[in-house]
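To keep things clear, I will list the structure first and then write my remarks on it.
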Amino acid sequence: MPSPEYDTLVASLRTSEFTGVRTIEELRAGWERFAASFPPADDICFEAADANGVASEWVTAPGCALDRVILYFHGGGYTIGTLATYRNFTGHLARATGAKLLAAGYRLAPEHPFPAALEDAVTSYRWLIEQGVPPHRIVIAGDSAGGGLALATAVALRDRGNPMPAAIVAICPSTDLAKEGRSVRERAHLDPIVTYESSMAHALRYVGKESNLKNPLASPLYADLHGLPPMLILVGTHESLFDDSTRFAAKAEAAGVEVELDIWEGMVHVWPLFADILPEGRQALEKIGEYVRMKVP
């Protein structure tokens with residue numbers, strides 16, 4: 001049964017200014033205001049980094065292992081979100097995993113449509129390797145659109161002959177921009193963040209109205225998934241994008257990929273981001289931490 005804090009969070013999200021069908025300016029401003037109520041912990045360190053032109057930042061927690069690295073892509077439908085507004089969560093994630101985390105500030109649509117985000121993601125991964133980080137010490141992670149970007153990045157890296165990371169952690173990933181999963185409509189009443197209309201608006205801003213929503217590098221559900229690294233996928237049953245995770249996991253398993261699909265009963269989209277106030281968010285971070293430490297000891 002969800003915690004009392006969960007009910008309070010859901011009520012707050014239903015009136016938030018970064019959801020629904022709004023202008024991109026309204027969505028970005030709304031997210032900035034909402035994220036400001038979740039500042040990072042005082043003992044987390046942030047250091048700017050230029051990953052071959054991709055504005056990024058290192059995030060470290062006390063006692064982290066400098067040879068265990070997470071490359072993180074934030075969510076926001078490829079259109080909203082910044083390094084600064086994700087510092088609370090990247091700090092939590094760095095602490096939970098005991099890893100040094102590189103948050104990649106990929107370019108956003110509609111100013112920079114697909115494939116800008118993907119190219120920035122690939123560039124940031126290659127930069128880590130150029131800095132001497134072995135691929136088997138890297139975990140690529142992300143939430144929502146960033147989770148989809150993490151999966152698409154692995155596909156692009158494989159296709160371009162680059163070495164694979166140790167693992168992927170996809171938190172409530174968006175894998176199907178065509179929105180063909182049944183849950184996007186059937187579970188919309190349960191999800192205070194994502195609706196079909198708002199999600200499709202983000203998708204069209206990202207790929208363009210005349211482009212292919214099923215491009216496998218934008219919608220990794222439609223990619224050939226053979227040869228991808230092990231992955232942990234977290235999803236809540238109260239998500240509109242529930243089927244994005246379950247269908248992707250099933251297809252990846254059928255392609256021989258090692259997949260751990262972690263389904264959380266009653267949770268909404270990207271609930272781990274609210275670990276400051278949500279016990280279930282802290283529990284999810286513990287699970288991610290255990291997984292990352294197992295894959296990169």
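Remember, it's a predicted structure, so these values are computed and weren't measured experimentally.
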Lys295 vs Glu258, salt bridge (charged side-chain N to carboxylate O under 4.0 Å, His left out): CA-CA, chis, key distance, verdict: CA-CA 12 Å; Lys295 293 302 182 183; Glu258 177 190 319; 2.5 Å; yes
Short side-chain to backbone donor-acceptor contact, Arg95 and Ile44, under 3.5 Å: no
If you look at every heavy atom in Ala275 and Gly281, which pair is closest and at what distance? CB-C, 3.9 Å
Any side-chain to backbone donor/acceptor pair from Thr97 onto Gly289? Under 3.5 Å, distance only. no
Rounded to the nearest 0.5 angstrom, the CZ-OG1 distance for Arg28 and Thr82 is 10.5 Å
Applying side chain to side chain contact (heavy atoms under 4.5 Å, CB included) between Ile70 and each of Val59, Val296, Leu93, Ile140, report the one that passes. Leu93
Can you list everything that forms a ring-ring contact (aromatic ring centres under 6.0 Å, His included) with Tyr6? Sequence neighbours excluded, please. none
Tightest non-hydrogen contact, residues Ser124 and Ala121, listed as OG-O, 2.7 Å
Min side-chain heavy-atom separation Pro163-Ile129 under 4.5 Å: yes
Summary of salt bridge (charged side-chain N to carboxylate O under 4.0 Å, His left out) pairs that have at least one residue in residues 267-282, sequence neighbours excluded: none
Do Asp262 and Ile233 have side chains that get closer than 4.5 Å, going by heavy atoms? no
Transitively linked via ILVMFWY side-chain contacts under 4.5 Å: Phe73 with Val122? yes
Under the 3.5 angstrom rule, does the side chain of Thr153 hit a backbone N or O of Leu149 as a donor-acceptor pair? yes
Can you confirm whether more than 12 heavy atoms, excluding those of Glu265, are under 6.0 Å from its CD atom? no
Any side-chain heavy atom of Val69 sitting closer than 4.5 Å to one from Val139? no
Report yes or no: is the cationic atom of Arg87 (NZ for Lys, CZ for Arg) closer than 6.0 Å to the six-membered ring centre of Phe46, at no more than 45° off its axis? yes
Within residues 230-262 or reaching into it, pairs that qualify as ring pair (Phe, Tyr, Trp, His ring centres under 6.0 Å) - sequence neighbours excluded: none
Starting from the C-alpha separation in whole Å, work towards a yes-or-no answer on ring-ring contact (aromatic ring centres under 6.0 Å, His included) for Tyr106 and His74. CA-CA 9 Å; Tyr106 60 89; His74 67 75; 4.7 Å; yes
Hey, what do you get for CG (Leu261) to CG (Leu232), rounding to the nearest 0.5 Å? 8.5 Å
Any donor-acceptor N/O pair, Arg187 side chain to Thr237 backbone, under 3.5 Å: yes
Does any pair with a residue in residues 60-69 pass salt bridge (charged side-chain N to carboxylate O under 4.0 Å, His left out), and if so which ones, sequence neighbours excluded? Asp67-Arg137
Is there a donor-acceptor pair under 3.5 Å between the side chain of Thr175 and the backbone N or O of Asp244? yes
Within the distance-only criterion (no hydrogens, no angle test), does the side chain of Glu239 pair as donor or acceptor with the backbone N or O of Gly236 below 3.5 angstrom? yes
Stepwise side chain to side chain contact (heavy atoms under 4.5 Å, CB included) test for Leu273 and His92: CA-CA 9 Å; Leu273 267 64; His92 276 303; over 6 Å; no
Do Thr79 and Leu108 touch side chain to side chain, with heavy atoms closer than 4.5 Å? no
Between Ser16 (side chain) and Arg14 (backbone), is there a donor-acceptor pair under 3.5 Å? no
Where is the tightest heavy-atom contact between Val207 and Leu177, given as atom of each residue plus distance? CG1-CD1, 3.7 Å
side-chain hydrogen bond (donor to acceptor under 3.5 Å, both in side chains) assessment of Asn215 paired with Tyr222: CA-CA 7 Å; Asn215 184 314; Tyr222 302 102; over 6 Å; no
With Asp176 as reference, evaluate Arg182, Arg247, Lys251 under the salt bridge (charged side-chain N to carboxylate O under 4.0 Å, His left out) test and give the passing residue. Arg247
Does Tyr196 offer a backbone N or O that forms a donor-acceptor pair with the side chain of Ser199 under 3.5 Å? no
Listed once per pair and sorted, the ring pair (Phe, Tyr, Trp, His ring centres under 6.0 Å) pairs that draw on residues 119-150, sequence neighbours left out: none
How far apart are the closest heavy atoms of Trp271 and Cys172, and which atoms are they? CZ3-SG, 3.7 Å
Among residues at least two apart in sequence or on other chains, which ones pass ring-ring contact (aromatic ring centres under 6.0 Å, His included) with Phe38? Phe34
What's the separation between atom CG in Asp191 and atom NE2 in His189, rounded to the nearest 0.5 Å? 10.5 Å
Euclidean distance, Ser56 OG relative to Leu102 CG, rounded to 0.5 Å: 4.5 Å
Can you tell me if His269 and Ser144 form a side-chain donor-acceptor pair at under 3.5 Å? yes
Where the side chain of Glu290 meets the backbone of Lys287, is there a donor-acceptor pair that is under 3.5 Å apart? no
So, Asn162 versus Arg126: side-chain donor-acceptor pair below 3.5 Å or not? yes
Does Trp264 reach the side chain of Leu234, with side-chain heavy atoms less than 4.5 Å apart? yes
Rounded to the nearest 0.5 Å, how far apart are OG of Ser240 and CD of Glu197? 9.5 Å
Single-linkage hydrophobic cluster Leu71~Leu285, side-chain heavy atoms < 4.5 angstrom: yes
Ala103 to Thr90 - nearest heavy-atom pair and separation: CB-CG2, 4.4 Å
Take Val155 and Leu228 through the side chain to side chain contact (heavy atoms under 4.5 Å, CB included) test and state the conclusion after the steps. CA-CA 7 Å; Val155 172; Leu228 296 191; 4.1 Å; yes
Tell me whether Tyr78 is reachable from Leu83 by hopping between hydrophobic residues (I, L, V, M, F, W, Y) whose side-chain heavy atoms are closer than 4.5 Å. no
Would you say Val268 ends up clustered with Trp31 if hydrophobic residues are merged whenever their side chains have heavy atoms under 4.5 Å apart, either directly or through other cluster members? yes
On a heavy-atom basis, which atom in Arg205 and which in Pro113 lie closest, and how many Å separate them? O-CB, 4.2 Å
State, yes or no, whether a side-chain contact exists between Tyr291 and Pro230 at a heavy-atom distance under 4.5 Å. yes
One thing to verify: whether Arg107 and Glu119 come together as a salt bridge, which I'm taking to mean a side-chain N less than 4.0 angstrom from a carboxylate O. no
In Å, rounded to the nearest 0.5 Å, how long is the span from CZ of Arg33 to OG1 of Thr85? 13.0 Å
Quick one: are Lys100 and Val133 in side-chain contact, heavy atoms under 4.5 Å? no
Establish whether Val184 and Leu190 are linked, either directly or via other cluster members, by ILVMFWY side-chain heavy-atom contacts under 4.5 Å. no
Looking at Asp143 and Ile171, would you say the former's side chain and the latter's main chain have a donor-acceptor pair under 3.5 Å? no
Min side-chain heavy-atom separation Phe89-Tyr72 under 4.5 Å: yes
